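Naming convention: chains lettered A, B, ... in sequence-line order (proteins, then strands); numbering from 1 in each chain. On a predicted model such as this, the values are computed, not experimentally measured, just so you know.
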Amino acid sequence: MKKYFVTTLTGITMVALLAGGCATKGAVKKEEAVVPVVASESNEAAKAAEIARAAKAKADADAAAAAAAAAAAAEAKAKQDAEAEARNRALAASKPAGSLVVAPADSDQDMVVGRRNAENSATASVTTVSSFEAVYFDFDKSDLRQDSRDVLSKNAEAILKSYPSSKIQIEGHCDERGSAEYNLALGERRAKSAQKYLTNLNVKAENLSIISYGKEKPAVTGNDEAAWAKNRRAEFVVVK
Amino acid sequence: MKSLWLLFFIMILPVTLYAQTGQIEVTASGNRLLKLAVDAPRTTAPLANPATAKVAQDVLVNDMNVSGVVTAEGRSSQPDSRDLLLADFNYTPWLKAGFDMLVKGEYSLNGDRLTVEFRLFDVINRKMVTAKRYLGSPRDMRRFSHQFADEILRVITGEKGVFTTRIAYVATHTGNKEIYVMDWDGTNPLPLTKNGSINLNPDFSPDGSELIFTSYKRGNPDLYRRSLSSKTETIVSNRKGLNITGSWSPDGGKIALALSKDGDAEIYTIDRDGGRPVRLTINPALDLYPAWSPDGKRIAFVSDRLGKPQIFTMNADGGEVKRLTTSGNYNVNPRWSPKGDKIAFSRMTDTGFNIFTISPDGSSEAQLTTEGNNENPSWSGDGRFICFGSKRNGGDGVYIMRADGSGQMKVSQSKGKYFQPVWSSR
């Protein structure tokens, strides 16, 4: 039954890839993911396109910012170059299927690329380096959405395969809207949800610990739903 | 029945009101506030220090204006020969300028010793109302002036002020959330923690000499206790999971807090050293942010047992739970007023958090803030004021207001983000 499920998933992935929508998180991300990239939903292609659109919008904004910075530092020519370069990259990002951009040597532009990658990468966090994808939650909720369950299944697989005896800490986080104190409790509930799901998938309970940071450690800054959605999360950190 | 009530109001109320008049006989005509002039203190000694005199004048004027009880103005009288004699001076110019009351002072600096005497005069009846003499070092001038402002309030209202108290808060000047303590008016901000971690929710001991707070400095959100006069910092509770929202009982003997050692956040009381935990809430919801009633018999707290966070009250042993807030989807941060008549809290509204007060029986809800985002109300020890953390157009910071929401002003002085202010009761 399980095998059949995996086969189906793989099939869907292949279709999604062929359809040209493989701007999945793992692919855009530059650091090597331990977890193999698996498209978990049949609408992955549509989602990827959406991500790419968001990336383009973001990159456009970044280009403007980069241009402003360059204007202060360098001459007009350099500015135009930067702008053009950023635009090109934005276009590249909006193209589907693995059009991964290599960061140029220029430091300003590194920043642009780095930031965009952070936007696209689910595991991006300013504070922790994690090999596992984060799982996300709805506002004031700690129950696991289907996409979160899929990610947790992958994480469980990766833990059992690559970190069978490591200690892993699950961090619960919230967006900035609720009260700081309530969010500490809510973040713990989220971490606990993820922990329970992993132990149900045979990850050893004694290897999993939880901690809540409430809204104290946002993954991204911003005051809109896009930022909030990325901050309502549980992250997985190998502690030893 | 109605006429009986009317009779009551006609007969009894004036008597009660009369009985409650303050201890000063000065009354302003009409509805205007009493006008108070603060003359800069003078010195008889050869060594004058105008800066010191200015501090005293500014502090007294600000304190009295913040009180809302009088309007105060700094005025310098024309020095005349009689003016240095505090007891005998010409009242007429002050009276003509429209003042009802006048503060005069005299100080002398002798090396590292400051002597200052303040006197409050009733201009209309041409007499001295109160006088205080203070001895200390020159840097005590600010504190002495606050103390005399407390005394003026006592004379006018029958209850002394709290102008020597302090506010602890969390700020991010260093890039980390550290705890600071400042005078209530924003002066003398000093860092309390410098551990580079996340420090949250300070709460003063009832005598004002210690603070408890939650810190991640050893990885887990644990509760610490810290003396203000020394650097001694001890762990109060480092139980597994959350050790958050610690709140000192009014007698200082216990701490109520939220622990998650048994699953999710539940409210417990522990001794001031962390021992003898007693669990007060038992349910699968999140329970946190306990706030003691001033008599120590009841505790208000936040719980999402009905879905969204709402405020409840219970006995200090966990019995007799009652829901307090019934309006709004998201009510948090309860703090019981020192007189016990109100509970301040913050509610998530469409425009952000706002501060409200409500009676402990759930009646008389009132919205105090309307602008920006306002959280974590905390009462001054006399119940006259509430401090809170605000993000608004006037600048982010620690704000204070009177208990009815009037007189909102920013007291924190540097820019930056401020959170979770708490007012010392002494």
With the side chain counted from C-beta on, respond yes when B:Ile198 and A:Lys217 share a heavy-atom pair under 4.5 Å apart, and no when they do not.
-> yes
Given the rule in the side-chain contact (heavy atoms from CB on, under 4.5 Å) test, do B:Asn201 and A:Glu181 qualify, once you have shown the distances and angles that lead to the verdict?
-> CA-CA 8 Å; B:Asn201 293 106; A:Glu181 301 82 11; 2.9 Å; yes
For A:Glu216, all residues meeting salt bridge (charged side-chain N to carboxylate O under 4.0 Å, His left out), sequence neighbours excluded = B:Lys177
Go through the atoms of B:Phe419 and report whether side chain, backbone, both or neither lie under 4.5 Å from a heavy atom of chain A.
-> neither
Do you see a donor-acceptor pair shorter than 3.5 Å between the side chains of A:Tyr182 and B:Asp304?
-> yes
Hey, is B:Asp264 close enough to A:Lys192 for a salt bridge, meaning N to O under 4.0 Å?
-> no
How about residues 342-358 of chain B versus chain A: which residues have heavy atoms under 4.5 Å apart?
-> B:Met348, B:Phe353
A:Ser179 vs B:Asn376 side-chain heavy atoms within contact, under 4.5 Å = no
Should the heavy atoms of other residues, nucleotides or ligands under 6.0 Å from NZ of B:Lys410 be counted, would the total exceed 12?
-> yes
Under 6.0 Å from the NZ atom of A:Lys196, do we count more than 12 heavy atoms belonging to anything else shown?
-> no
Got a sec: does the NZ of B:Lys391 have more than 12 other heavy atoms crowding it under 6.0 Å?
-> no
Spatial distance of atom OG (A:Ser209) from atom CG (B:Asn220) [nearest 0.5 Å] = 9.5 Å
So do the side chains of B:Pro221 and A:Leu184 get within less than 4.5 Å of each other, counting heavy atoms only?
-> no
